[in-house]
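Heads up: the structure comes next, in structure tokens.
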Amino acid sequence: MSRYALSLTSSPAPQTPQTNSPKPTPEALQNALLHTFKSPFELKQIHAQIIKTNTPLSVLQLSHVASVCALTPTFPYATKIIQLSGKHETDIWNSCLKDFAESDSPYDAVRLFSQLCTYGVCLNDYTFSFILKACTKLSDGLGGRIIHGFVEKLGFQSNLFLQNSLVHLYVVSGEFDNARQLFDKMPDRDVVTWNIMIKHLVQRGNVDEAYGLFGKMPERNVRSWTSMIMGFVRGGRPEQAIDLFAKMEEAKVCPNEVTVVAVLAACADLCALDLGKKIHDYSNRSGFKRNVRICNTLLDMYIKCGCVEAARGVFEEMEQRTVVSWSAMIQGLAINGKGEEALTLFSKMIESQIKPNEVTFTGLLHACSHMGMVNEGREYFASMSRDYGIVPQIEHYGCMVDLLSRAGLLKEACEFIKNMRIKPNGVVWGALLGGCRVHKNIELAEEAIKHLLELDPLNDGYYIVLSNIYAEAKRWEEAANVRKLMRENGVKKTPGSSSITIEGVVHEFVAGDETHPQTDEIKERWDKLLEEMRVRGYVPNTSVVLLDIEESEKVKFLFRHSEKLAVVFGLINTANGTAIRIVKNLRVCEDCHAALKLISEIVDREIVVRDRNRFHCFKNGVCSCKDFW
DNA sequence: ATAGGGTTAG
């Protein structure tokens, strides 16, 4: 008690009168008192002041008193003071409840709610909306069910706000059946109700069902469209995301910041640079330039379109950069053949006092592995836990094995796997297998495949690589055995597929596909290119064709690779001089790599191929990967 | 005074 009294008298009270200044108003005196009021034990003084000056506390002052006393035994005393003030008691406690619900410790709201119940304070619909907000923050479904009971008992069950809050709470706390049940029996739903359901169907990966609801909604607002677009992006269906965005524009709904993020993500996935640039323009026109998340997504879009310089432009113009901005830029440089710059950028990041996270290190390790910088990679790997306290994840181990294996340090890579502190996965052993192919080590490849067949027996890629390794060593019988094993295990080779987006339309080419309406035109153009390529020394590399067929047949197969089809299609259907951007589902084959280098020179165009792992920017006969991949 | 989207790797 005395401690608080002391603090009251000794603390500076700005409104305390000076000797000659006019007498302070009672309200100023109360404010002065409240200014230092931090403990419920001072309530008596407050109360005395009220009586002495005969001035009731304002709503703001009462709320302050309420929040100090809310979770203490002085609660009933505070209630009394609020009642004496003549102000509406429920309002005061509600505002306090709201503050707690929005604070970092929403559980305080739950405790206050229980006080309100214990002392019989009158509750209204606002009370419930705030306590539900707190429960939502806590993902407290059980609490939700209890509150739901209260809501019904007190007759608020037909309040749409509360119904929506309850549906949201159930869905957030994973009680989807309860959410659905409530949703189904709601007599009236508004756009918020539908949006909640769509959002959470999407989060459960149920994009089709979400789209079903989207179709049934009586009205849609910008959030409905955005959630659905985002749903398609997250569900790996960026074409549909972009289609829907076009429909949104037709419906004359104005995109907001979140829409911009969603559509940019779709552009990034599709390498749809034209649309991406349009959205960039729109974003600037709409004044979204200072939004860090938008900038990060823009940066990522340019990176994923292979436009490192445009990405750098966005990065440099940013007013604020978060760890996400730096990590995205580092990763971007890494997979675009600019590993050294990635490492330099990391030093700048550290100078800027930005703390790296696990993603930053993934980018750094990628930079090292794509450039063959073994010692640097080892050092970063050691540094991440030593200097930054980041525990390496499976991705980091994967990068390290990739780094060592590509550099030919296969034994060390193998040892590294065996000493890992977590269980290696398919990616880790797969990295070793990949290195074994480059460095022609059959023995370790067999060791790797043993693990891979256990870990990931349905992944066709590993069989293909092993079969390749045997074939390149001219051990045909073993190569055939691998393919036989593949058949026995019911594993099918994923067909190569490449896509190109022209004016917002995605054109997809699957290896060997001859059904495209422009097939003849593509062939014709290819034959012309081939003549010029041969003049420049191109020899078809049939070793990448694993089929047991005639050499001349193999050559035909080579010409049907999806990336070649997509590139030639792009040459035909875009203006001279424009860059061609292709996305491939697998890695680029060696023959295509050699061919595309020459084509970039012959037609004097930039050709960007984003494959499973990285970018290949072909320009003037060379590739940004410097043939190290 | 009350309800519903967003960023980097894989």
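Only this structure's heavy atoms are used, side chains among them; waters, hydrogens and symmetry mates stay out.
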Exercise. Which pairs with one or both residues in residues 94-109 of chain A pass salt bridge (charged side-chain N to carboxylate O under 4.0 Å, His left out), sequence neighbours excluded?
Worked result: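 Every pair satisfying salt bridge (charged side-chain N to carboxylate O under 4.0 Å, His left out) with a residue in residues 94-109 of chain A: A/K98-A/E102, A/E102-A/K133, A/D108-A/R111.
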Exercise. With sequence neighbours left out, which residue pairs that include part of residues 150-169 of chain A fulfil the salt bridge (charged side-chain N to carboxylate O under 4.0 Å, His left out) condition?
Worked result: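 Qualifying pairs: none.
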Exercise. Is there a donor-acceptor pair under 3.5 Å between the side chain of A/S283 and the backbone N or O of A/I279?
Worked result: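 No; judged by distance alone, with no hydrogens or angles, the pair does not exist.
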Ignoring backbone atoms, establish whether [X] has a side-chain N or O less than 4.0 Å from OP1 or OP2 of [N].
X: A/K199; N: B/dA3; value: no
X: A/K98; N: B/dA3; value: no
X: A/K133; N: B/dT2; value: no
X: A/H396; N: B/dG10; value: no
X: A/R234; N: B/dT7; value: yes

Problem set entry | Those residues that, when tested against A/E250, pass side-chain contact (heavy atoms from CB on, under 4.5 Å) (two or more places apart) |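 Testing A/E250 for side-chain contact (heavy atoms from CB on, under 4.5 Å), a comparison that skips the adjacent residues, returns none.
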For this session: Specify the glycosidic conformation (syn or anti) of B/dG6, with syn defined as within 90° of 0.
Result: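 Anti, since the glycosidic angle lies more than 90° from 0.
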Exercise. By salt bridge (Lys or Arg N to Asp or Glu O under 4.0 Å), which residues pair with A/D208, not counting sequence neighbours?
Worked result: A/R237
Problem set entry | Matching residue for A/F361 among A/W326, A/F346, A/F381, A/Y397 - test: ring pair (Phe, Tyr, Trp, His ring centres under 6.0 Å) |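 Only match with A/F361 under ring pair (Phe, Tyr, Trp, His ring centres under 6.0 Å): A/F346.
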Exercise. If you measure from the Lys or Arg side-chain nitrogens to the Asp or Glu carboxylate oxygens, is any gap between A/K247 and A/D243 under 4.0 Å?
Worked result: no
Between [options], which nucleotide gets closest to the side-chain atoms of [X]?
X: A/H168; options: B/dA1, B/dA9, B/dA3; value: B/dA3
X: A/N124; options: B/dA9, B/dA1, B/dA3; value: B/dA1
X: A/H366; options: B/dG10, B/dT8, B/dA1; value: B/dG10
X: A/N291; options: B/dG5, B/dG6, B/dT7; value: B/dG6

Problem set entry | DNA chain B contacts among residues 336-357 of chain A, heavy-atom distance under 4.0 Å | A/N357
For this session: For DNA chain B, determine which residues of residues 307-335 of chain A have any heavy atom closer than 4.0 angstrom to one of its atoms, and list them numerically.
Result: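 Here the set is A/V324, A/S327, A/Q331.
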Exercise. What do the steps show when you test A/R312 against A/E341 for salt bridge (Lys or Arg N to Asp or Glu O under 4.0 Å), and what is the final call?
Worked result: CA-CA 11 Å; A/R312 206 197 301 264; A/E341 284 180 59; 2.8 Å; yes
For this session: Flag yes if more than 12 heavy atoms outside A/R421 fall under 6.0 Å of its CZ atom; otherwise flag no.
Result: no
Problem set entry | Nucleotide B/dT7, atom C1' - distance to CG of A/N296 in whole Å | 5 Å
For this session: Please evaluate the base of B/dG5 for a donor-acceptor partner in the side chain of A/N256 within a cut-off of under 3.5 Å?
Result: yes
